[in-house]
Amino acid sequence: MIKIMIADDQELIRESLKIILSTKEDFQVIATASSGKEVMDLLQNEVPDVILMDMRMPDMDGANCTKCVKEAYPQVKVIILTTFDDDEYVYSALKYGASGYLLKGVSLEELSDAIKTVLQGGGIFNPDVAGKAIQLFSQIANDHDKITTFQPTEGDPSLSNTEWKIIRKVAKGMSNKEIAKDIRFTEGTVRNYLSVILEKCQLRDRTQLAIWYLHREKAEKDGQE
């Protein structure tokens with residue numbers, strides 16, 4: 001059973017999501033919160049597997065709440081579910097550890113797949129948001145100071161051709177499902193490869209992996225000029 005918390009300042013949204021998600025036999029909505037502060041209070045009673053987090057909430061917005069959640073409960077996955085796709089919101093959500101960023105209006109199946117994807121270690125983003133994320137990664141790659149904390153210290157890790165191929169596709173914003181289809185692997189195989197890649201590169205997640213790769217490409221290009 002997948003335990004879910006819903007955080008949204010609109011009661012209608014909270015209750016609607018709870019009813020819709022409860023139609024799935026493997027989902028259990030264990031709590032709903034109307035603010036970031038309430039999220040943190042509820043987590044002291046029971047910890048969910050996934051939090052569906054609105055971006056604009058009183059007391060603490062979704063980005064800062066995500067930061068607090070990930071610091072205190074790193075195993076909890078956070079999916080931002082909002083109506084806003086401003087660059088600042090997307091960047092903040094990624095920076096603080098959100099595993100997904102979806103716009104409200106997604107279907108139950110899309111939301112269900114997103115929840116299962118992040119629990120398997122993947123990331124899921126609305127197509128428009130994915131484009132913004134790639135632009136943000138490129139911007140960050142131009143700012144050495146912002147990414148020095150997770151650069152390999154000496155050279156590149158030892159990676160196979162297949163691992164490099166997967167890294168390049170992650171940097172393009174492709175999901176595990178899209179990568180698997182593109183290179184004719186199963187999603188499980190892609191997940192396994194990613195786990196090995198992250199361990200070799202000493203990185204936390206696919207977001208850091210994408211930023212690391214884009215910075216590496218820029219450094220290599222600059223060195224050739």
Side-chain angles (χ1 to χ4, degrees), residues 2 49-50 70 74-80 90-91 93-102 106 109-144 146-225:
I2 298 171
D49 300 304
V50 179
K70 297 300 288 185
Q75 77 278 17
V76 175
K77 303 297 184 181
V78 177
I79 297 175
I80 301 297
V90 175
Y91 172 69
L94 293 175
K95 179 174 68 173
Y96 292 141
S99 297
Y101 198 114
L102 299 175
V106 297
E109 290 308 312
E110 289 172 322
L111 186 55
S112 175
D113 288 345
I115 291 170
K116 292 175 181 178
T117 295
V118 300
L119 285 175
Q120 293 168 348
I124 191 78
F125 300 92
N126 176 275
D128 293 337
V129 172
K132 289 179 180 290
I134 294 303
Q135 291 177 2
L136 289 167
F137 292 156
S138 297
Q139 292 168 10
I140 294 171
N142 289 326
D143 188 343
H144 177 81
K146 289 183 180 176
I147 59 176
T148 53
T149 55
F150 45 87
Q151 279 184 225
T153 52
E154 295 183 8
D156 287 334
S158 177
L159 297 166
S160 68
N161 290 335
T162 299
E163 288 169 336
W164 279 117
K165 185 183 295 184
I166 291 173
I167 290 171
R168 285 191 288 271
K169 294 184 185 304
V170 169
K172 290 180 180 179
M174 295 175 67
S175 67
N176 287 355
K177 184 175 182 180
E178 290 170 331
I179 295 172
K181 182 178 180 181
D182 192 60
I183 62 178
R184 298 184 179 181
F185 282 178
T186 65
E187 284 187 64
T189 299
V190 172
R191 285 195 300 272
N192 290 338
Y193 264 104
L194 275 173
S195 294
V196 172
I197 291 167
L198 291 173
E199 184 175 350
K200 284 184 177 181
C201 295
Q202 297 182 355
L203 301 173
R204 185 187 65 214
D205 53 38
R206 65 195 297 132
T207 301
Q208 288 192 349
L209 180 63
I211 296 172
W212 169 78
Y213 175 76
L214 289 167
H215 179 268
R216 177 190 175 279
E217 290 296 288
K218 179 181 181 298
E220 188 174 277
K221 181 180 178 181
D222 291 345
Q224 293 173 351
E225 293 178 351

message = Please evaluate residues Leu194 and Val170 with respect to the criterion side chain to side chain contact (heavy atoms under 4.5 Å, CB included), reporting the C-alpha separation (whole Å), side-chain torsions for both, the decisive distance (0.1 Å), and the verdict.
response = CA-CA 9 Å; Leu194 275 173; Val170 169; 3.8 Å; yes
inquiry  = Can a donor-acceptor pair be found, under 3.5 Å and without considering hydrogens, that links the side chain of Glu178 to the backbone of Ser175?
reply    = yes
query = Which word best sums up how the rings of Trp164 and Trp212 line up, parallel for under 30°, tilted for 30 to 60°, or perpendicular for over 60°?
reply = parallel
ask   = With sequence neighbours excluded, what pairs up with Gln120 under the side-chain contact (heavy atoms from CB on, under 4.5 Å) test?
value = Arg191
remark   = Across all chains, not counting sequence neighbours, the side-chain contact (heavy atoms from CB on, under 4.5 Å) partners of Leu198 are Leu203, Leu209
ask   = Once you round to the nearest 0.5 Å, how far does CD1 of Ile179 lie from CD1 of Ile166?
value = 6.5 Å
task = Name all residues meeting the side chain to side chain donor-acceptor pair (under 3.5 Å) criterion together with Lys70; count only those two or more places apart in sequence or in a different chain, and write none if there are none.
result = none
message = So, using side-chain contact (heavy atoms from CB on, under 4.5 Å) as the criterion, who are the partners of Ala93 when residues are at least two apart?
response = Met55, Ile80, Ala98, Tyr101
task = Quick one: closest heavy-atom pair of Ala171 and Ala210, and the distance?
result = CA-CB, 3.9 Å
query = Taking only residues two or more places apart in sequence, or in another chain, which ones meet Ser195 in a side chain to side chain donor-acceptor pair (under 3.5 Å)?
reply = none
inquiry  = With a 4.5 Å cut-off on side-chain heavy atoms, are Leu102 and Glu110 touching?
reply    = no
task = With rounding to the nearest 0.5 Å, note down the distance linking NZ in Lys116 to CG in Asp49.
result = 13.0 Å
task = Sequence neighbours left out, what passes side chain to side chain donor-acceptor pair (under 3.5 Å) with Lys200? Give chain and number order.
result = Glu163
task = Determine the minimum heavy-atom distance between Cys201 and Leu159, stating which atoms define it.
result = SG-CD1, 4.3 Å
Any residue meeting salt bridge (charged side-chain N to carboxylate O under 4.0 Å, His left out) with Asp182, in chain and number order, not counting sequence neighbours = Lys169
ask   = Considering residues at least two apart in sequence or located in another chain, which fulfil the salt bridge (charged side-chain N to carboxylate O under 4.0 Å, His left out) criterion with Lys177?
value = none
task = Test side chain to side chain contact (heavy atoms under 4.5 Å, CB included) on Val50 and Ser99 and set out the steps.
result = CA-CA 10 Å; Val50 179; Ser99 297; over 6 Å; no
message = Checking Gln75 now: which residues fulfil side-chain contact (heavy atoms from CB on, under 4.5 Å) with it, not counting sequence neighbours?
response = Val47, Tyr73
inquiry  = By the ring-ring contact (aromatic ring centres under 6.0 Å, His included) test, which pairs, at least two apart or in different chains, include something from residues 186-206?
reply    = Phe185-Tyr193
query = Mind checking what makes ring-ring contact (aromatic ring centres under 6.0 Å, His included) contact with Tyr96, not counting sequence neighbours?
reply = none
inquiry  = Taking the side chain as everything from C-beta on, heavy atoms only, tell me whether Lys77 gets closer than 4.5 Å to Ile115.
reply    = no
inquiry  = Holding to side chain to side chain donor-acceptor pair (under 3.5 Å), I want the full list of residues that pass it with Glu109, two or more places apart in sequence or in another chain.
reply    = Lys24
